[in-house]
Amino acid sequence: MKSFLLASLLALEPALFAADPPGTPPPPVVSYRLSEIVKSRTPGGEMGSALSALVTVQGERARLESERPLPRSSVRVVLSGEKGLTFLDLTEKLAAAGTREDFQALFQGRAGAEPGTAANAYREVAASIERDGAGKPVDGRTSTRYRVQISYILRTLTPGRVQHVKSEIKGTIETLDLDAARSPFDDLSRLFLVRGDVREAVDRELAKVKGLPVAVALEAVSEMSAEVMAVPGGGAPDTEPAQPPLKSTRTVTRKLTALSVREGKAQSPALFDVPEDFHDRGLDRLLGGASPVLR
């Protein structure tokens, strides 16, 4: 009898150990306060913009909630998930599906060809974003610093005139090794107001930046000069007094504060879902104001 019981237990042993393992715990919830300030000074005057938002991330889902509507829109909340981005108008209770490019366009406008006779070309494009030691500690965590150096010349040709804009962007990016906090809202590409060949070069360099960006400081300086060209057919060009280069500056400051990491069970999944009483609309319904074309 004892032999029979022992044999029975041995036969059941694989089944006992093959029982389903406990459920995988939900990923941690990471939240932080995002602040971005952009200031521009041009010969035509000064302007600026600011973004203050709460970002919450859990696994593949994320939520950005701004204190005021995002530029060029009535959007206050952007949700990120497996199907892309969803933009929410909290006042009108509207929801619209979108992409990362749509999110970036809120801040930069959409790139596109400008009608007319101007011909643009980028020259002497150089871009470098390299690791540069340790950055400032964040809540006891060690950060990594990257050094940014970008330069290029934009040449614009119009009948009888050629214009050169020489630009240089310098600054730093600091990141934390915190993969649980990563989301599409970390994309730094929208902080660089560039396009064309320069955009491609900057995006290649940004791919080197690893971790969660917690601090960014950029300064872009541009100098514009113009000269009159000879008129086809041998005519004399219009006379134009020599002008000193026109200088513009643009500074960008991005900072993360109130960084929090807590257990996933403490977060309600509804935070990342579109409320049931919201109505689906096209993204154009949530956009407002003219979106300038980047040059």
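- Formation of a donor-acceptor pair under 3.5 Å by the Lys83 side chain with backbone atoms of Ser80 is not found in this model.
- The pair Lys208-Glu130 meets the salt-bridge criterion, since a charged nitrogen lies less than 4.0 angstrom from a carboxylate oxygen.
- Residues Glu263 and Val29 are not in side-chain contact: their nearest non-hydrogen atoms beyond the backbone lie 4.5 Å or more apart.
- Hydrophobic cluster membership is shared by Val125 and Ile169, with clusters built from Ile, Leu, Val, Met, Phe, Trp and Tyr side chains linked at under 4.5 angstrom.
- Counting heavy atoms from C-beta on, the side chains of Pro71 and Ser49 never come closer than 4.5 Å.
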Exercise. Dump the intermediate steps for salt bridge (charged side-chain N to carboxylate O under 4.0 Å, His left out) on Arg199 and Asp203, then the final yes or no.
Key: CA-CA 6 Å; Arg199 163 64 60 200; Asp203 286 348; 3.5 Å; yes

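- Shown here for Phe185 and Ala62, the closest heavy-atom pair between the two residues is CE1-CB, 3.9 Å.
- Other residues, nucleotides and ligands contribute at most 12 non-hydrogen atoms within 6.0 Å of the CZ atom of Arg131.
- In this structure, OG on Ser31 lies 10.5 Å from CG on Leu256, to the nearest 0.5 angstrom.
- Residues Tyr32 and Thr257 fail the side-chain proximity criterion, which asks for heavy atoms closer than 4.5 Å.
- Hydrophobic cluster membership is shared by Val214 and Val261, with clusters built from Ile, Leu, Val, Met, Phe, Trp and Tyr side chains linked at under 4.5 angstrom.
- For the pair Leu70/Leu51, a side-chain contact is recorded, criterion being any heavy-atom separation below 4.5 Å from C-beta on.
- Residues Leu85 and Thr99 form no side-chain contact, since every pair of their non-hydrogen atoms from C-beta on lies 4.5 Å or further apart.
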Practice problem: Apply side-chain hydrogen bond (donor to acceptor under 3.5 Å, both in side chains) to the pair Ser222 and Ser167, showing each step before the final yes or no. | Solution: CA-CA 4 Å; Ser222 299; Ser167 300; 2.7 Å; yes

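- The backbone N or O of Gly81 lies less than 3.5 Å from no partner atom in the side chain of Arg61, so there is not a single donor-acceptor pair.
- Interatomic distance, Lys93 NZ to Glu276 CD, rounded to the nearest 0.5 Å: 12.0 Å.
- Here the CG-CG distance, from Leu206 to Asp186, works out to 12.0 Å after rounding to the nearest 0.5 Å.
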Exercise. Tell me, with the steps shown, if Ser52 and Glu67 meet side-chain hydrogen bond (donor to acceptor under 3.5 Å, both in side chains).
Key: CA-CA 6 Å; Ser52 179; Glu67 292 183 353; 3.2 Å; yes

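- Counting only distance, with no hydrogens or angles, the side chain of Arg254 and the backbone of Ala217 share no donor-acceptor pair below 3.5 Å.
- Residue Leu106 holds its CG atom at 7.5 Å from CG of Asp102, rounded to the nearest 0.5 Å.
- Looking only at distances, no side-chain donor or acceptor of Arg63 sits under 3.5 Å from a matching main-chain atom of Thr56.
- Put simply, CD on Gln58 and CZ on Arg262 are 8.5 Å apart, with the number rounded to the nearest 0.5 Å.
- Remark: the backbone N or O of Gly171 is not paired with any side-chain donor or acceptor of Tyr146 at under 3.5 angstrom.
- Within the 4.5 Å cutoff, the side chain of Thr172 has heavy atoms near those of the Arg147 side chain.
- Counting only distance, with no hydrogens or angles, the side chain of Arg76 and the backbone of Ser66 share a donor-acceptor pair below 3.5 Å.
- Here Leu191 contributes atom CG and Ile173 contributes atom CD1; the two are 8.0 Å apart, rounded to the nearest 0.5 Å.
- In this structure, Lys39 and Val252 have side chains that are not in contact, with every pair of non-hydrogen atoms separated by 4.5 Å or more.
- Within the hydrophobic cluster formed by Ile, Leu, Val, Met, Phe, Trp and Tyr side chains joined at under 4.5 Å, directly or through other members, Phe278 is accompanied by Val77, Leu79, Leu88, Leu90, Val274.
- Val30 and Leu54 are not part of a single hydrophobic cluster, where members link through side-chain heavy atoms under 4.5 Å apart.
- Val57 and Ser183 make their closest contact through CG2-CB, 4.0 Å (heavy atoms, listed as atom of the first residue, atom of the second, distance).
- Annotation: side chain of Arg155 is in contact with side chain of His164 (closest heavy-atom distance under 4.5 Å).
- Between the side chain of Asp89 and the backbone N or O of Thr91, at least one donor-acceptor pair lies under 3.5 Å.
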Quiz prompt | Criterion side chain to side chain contact (heavy atoms under 4.5 Å, CB included) on Gln104 and Ser189, from CA distance to verdict | solution = CA-CA 8 Å; Gln104 179 167 303; Ser189 180; 3.7 Å; yes

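- Taking all atoms of both residues into account, the shortest heavy-atom contact from Arg250 to Ser40 is CG-OG, 3.6 Å.
- Salt-bridge annotation for Arg123 and Asp197: absent, with no side-chain N of the basic residue lying under 4.0 Å from a carboxylate O of the acidic one.
- The backbone N or O of Lys166 sits nowhere less than 3.5 Å from a side-chain atom of Glu223 that would complete a donor-acceptor pair.
- Although no hydrogens or angles enter the test, the distance criterion places a donor-acceptor pair under 3.5 Å between the side chain of Ser143 and the main chain of Lys136.
- Val221 and Leu246 end up in different hydrophobic clusters when Ile, Leu, Val, Met, Phe, Trp and Tyr side chains are linked at under 4.5 Å.
- Of all heavy-atom pairs spanning Tyr152 and Tyr122, the tightest one is CD1-CD2, 3.8 Å.
- Annotation: cation-pi pair Arg190/Phe107 present, NZ/CZ under 6.0 Å from the ring centroid and within 45° of its normal.
- Residues Ile37 and Val148 are members of separate hydrophobic clusters, defined by side-chain heavy-atom contacts under 4.5 angstrom among Ile, Leu, Val, Met, Phe, Trp and Tyr.
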Quiz item: Does the side chain to side chain contact (heavy atoms under 4.5 Å, CB included) test come out yes or no for Val55 and Leu34, once each step is laid out?
Solution: CA-CA 7 Å; Val55 177; Leu34 171 63; 4.3 Å; yes

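- A donor-acceptor pair is defined here as one N or O able to donate and one able to accept, closer than 3.5 Å; such a pair exists between the side chain of Arg145 and the backbone of Asp132.
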